[in-house]
**Q** 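Here it is: the structure, laid out below.
Numbers restart at 1 for each chain; the letters A, B, ... are given by sequence-line order, proteins then strands.
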Amino acid sequence: GAVVSQHPSWVICKSGTSVKIECRSLDFQATTMFWYRQFPKQSLMLMATSNEGSKATYEQGVEKDKFLINHASLTLSTLTVTSAHPEDSSFYICSASRGTATEAFFGQGTRLTVV
Amino acid sequence: GIQVEQSPPDLILQEGANSTLRCNFSDSVNNLQWFHQNPWGQLINLFYIPSGTKQNGRLSATTVATERYSLLYISSSQTTDSGVYFCAVGEANNLFFGTGTRLTVIP
């Protein structure tokens, strides 16, 4: 398999502040990583594709100014939730793969609570 | 995106029983995976199976790509099998998840 590490595992922040979540591929390089969101008792929804060295591609309905994605290296992508509000509280999880259309490996996820 | 439906949505089994979970998808795909999500949210990779059949211990999976469905078989279920099972599909590495099957195995 492959190891994808996500940090932090959980975070509580005040409404109006920003939170950064990191996703690292530990034993391989990934030109693309993916960010998903999961609300309680629901499925995972793809938010965006993180592209190393270029702009992220967002799925329809996802605010790019709210969810800033940076993929500065082949092993690190970050998701910043800006001006967080309680409705942004959710489980955020990233994935990466060794190649195209190959097995995806997921990080441990980050549980964000905005109070 | 691709539409993915899983059935049944909920399943309760007696320990030792067998079960079959189904995943139907709306378009041709190059990528199909089955996951088990544990209570902490971690997605455990079960199978990468865009086509064909694979087996791993008590679990096996079959994907019939031409008919756009995949099946996950769990034999001799154990209480530790409880959790949510997701099927996820895609053309490349961006995956679209099904609605999941919540499995409860009772002793």
**Q** Are A/Ile69 and A/Leu46 connected in the hydrophobic side-chain network, where two residues link if heavy atoms are under 4.5 Å apart?
**A** no
**Q** Do the side chain of B/Asn31 and the main chain of A/Glu103 share a donor and acceptor less than 3.5 angstrom apart?
**A** no
**Q** Would you say A/Leu112 and A/Trp10 are hydrophobically clustered, going by side-chain heavy atoms of ILVMFWY under 4.5 Å?
**A** no
**Q** Measure B/Phe35 against the heavy atoms of chain A and call it side chain, backbone, both or neither at under 4.5 Å.
**A** side chain
**Q** Please confirm whether the backbone N or O of A/Thr32 pairs with a side-chain atom of B/Asn93, one donor and one acceptor, at under 3.5 Å?
**A** no
**Q** For residues 72-83 of chain A, give me every residue with a non-hydrogen atom less than 4.5 Å from any non-hydrogen atom of chain B.
**A** none
**Q** Between chain A and each of B/Ile44, B/Asn30, B/Asn38, B/Asn94, count heavy-atom pairs under 4.5 Å; write down the option with the most.
**A** B/Asn94
**Q** Measuring only between side-chain heavy atoms, which start at C-beta, is A/Phe105 closer than 4.5 Å to B/Leu43?
**A** no
**Q** Which heavy atom of A/Leu44 sits nearest to which heavy atom of B/Phe97, and what is that distance?
**A** O-CB, 3.6 Å
**Q** How far apart are the closest heavy atoms of B/Gly41 and A/Ile93, and which atoms are they?
**A** O-CD1, 4.3 Å
**Q** Counting heavy atoms not belonging to B/Glu15, are there more than 12 under 6.0 Å from its CD?
**A** yes
**Q** Let me know if A/Phe34 has heavy atoms under 4.5 Å from chain B in its side chain, its backbone, both or neither.
**A** side chain
**Q** Counting only N and O atoms by type, is there a donor-acceptor contact under 3.5 Å from the side chain of A/Ser43 to the main-chain atoms of B/Gly98?
**A** yes
**Q** Under 6.0 Å from the CD1 atom of B/Ile106, do we count more than 12 heavy atoms belonging to anything else shown?
**A** yes
**Q** Counting only heavy atoms not in A/His85, do more than 12 sit closer than 6.0 Å to its NE2 atom?
**A** yes
**Q** Hey, any chance A/Phe67 and A/Val11 share a hydrophobic cluster, counting ILVMFWY side chains that come within less than 4.5 Å of each other, even indirectly?
**A** yes
**Q** Do B/Val4 and B/Leu32 share a hydrophobic cluster, counting only Ile, Leu, Val, Met, Phe, Trp and Tyr and linking them when any side-chain heavy atoms are less than 4.5 Å apart?
**A** yes
**Q** Could you look at A/Gln38 and say if it's the side chain, the backbone, both or neither that has a heavy atom under 4.5 Å from chain B?
**A** side chain
**Q** Between the main-chain N or O of A/Ala104 and the side-chain N or O of B/Gln33, is there a donor-acceptor pair closer than 3.5 Å?
**A** yes
**Q** Are there residues of residues 79-91 of chain B that reach to under 4.5 Å of chain A by heavy atoms, and which ones?
**A** B/Phe86, B/Glu91
**Q** Mind checking the CE-CZ spacing from A/Met45 to B/Phe96? Nearest 0.5 Å is all I need.
**A** 8.5 Å
**Q** For A/Lys55, does the NZ atom have more than 12 heavy-atom neighbours from other residues, nucleotides or ligands under 6.0 Å away?
**A** no
**Q** For the pair A/Tyr36 (side chain) and B/Leu95 (backbone), establish whether a donor and an acceptor sit closer than 3.5 Å, ignoring hydrogens and angles.
**A** yes
**Q** Are side-chain heavy atoms of B/Gln37 and A/Phe91 found at a separation under 4.5 Å?
**A** yes
**Q** Side-chain heavy atoms nearer than 4.5 Å, only ILVMFWY residues, links allowed to pass through others: does that put A/Met47 and A/Tyr58 together?
**A** yes
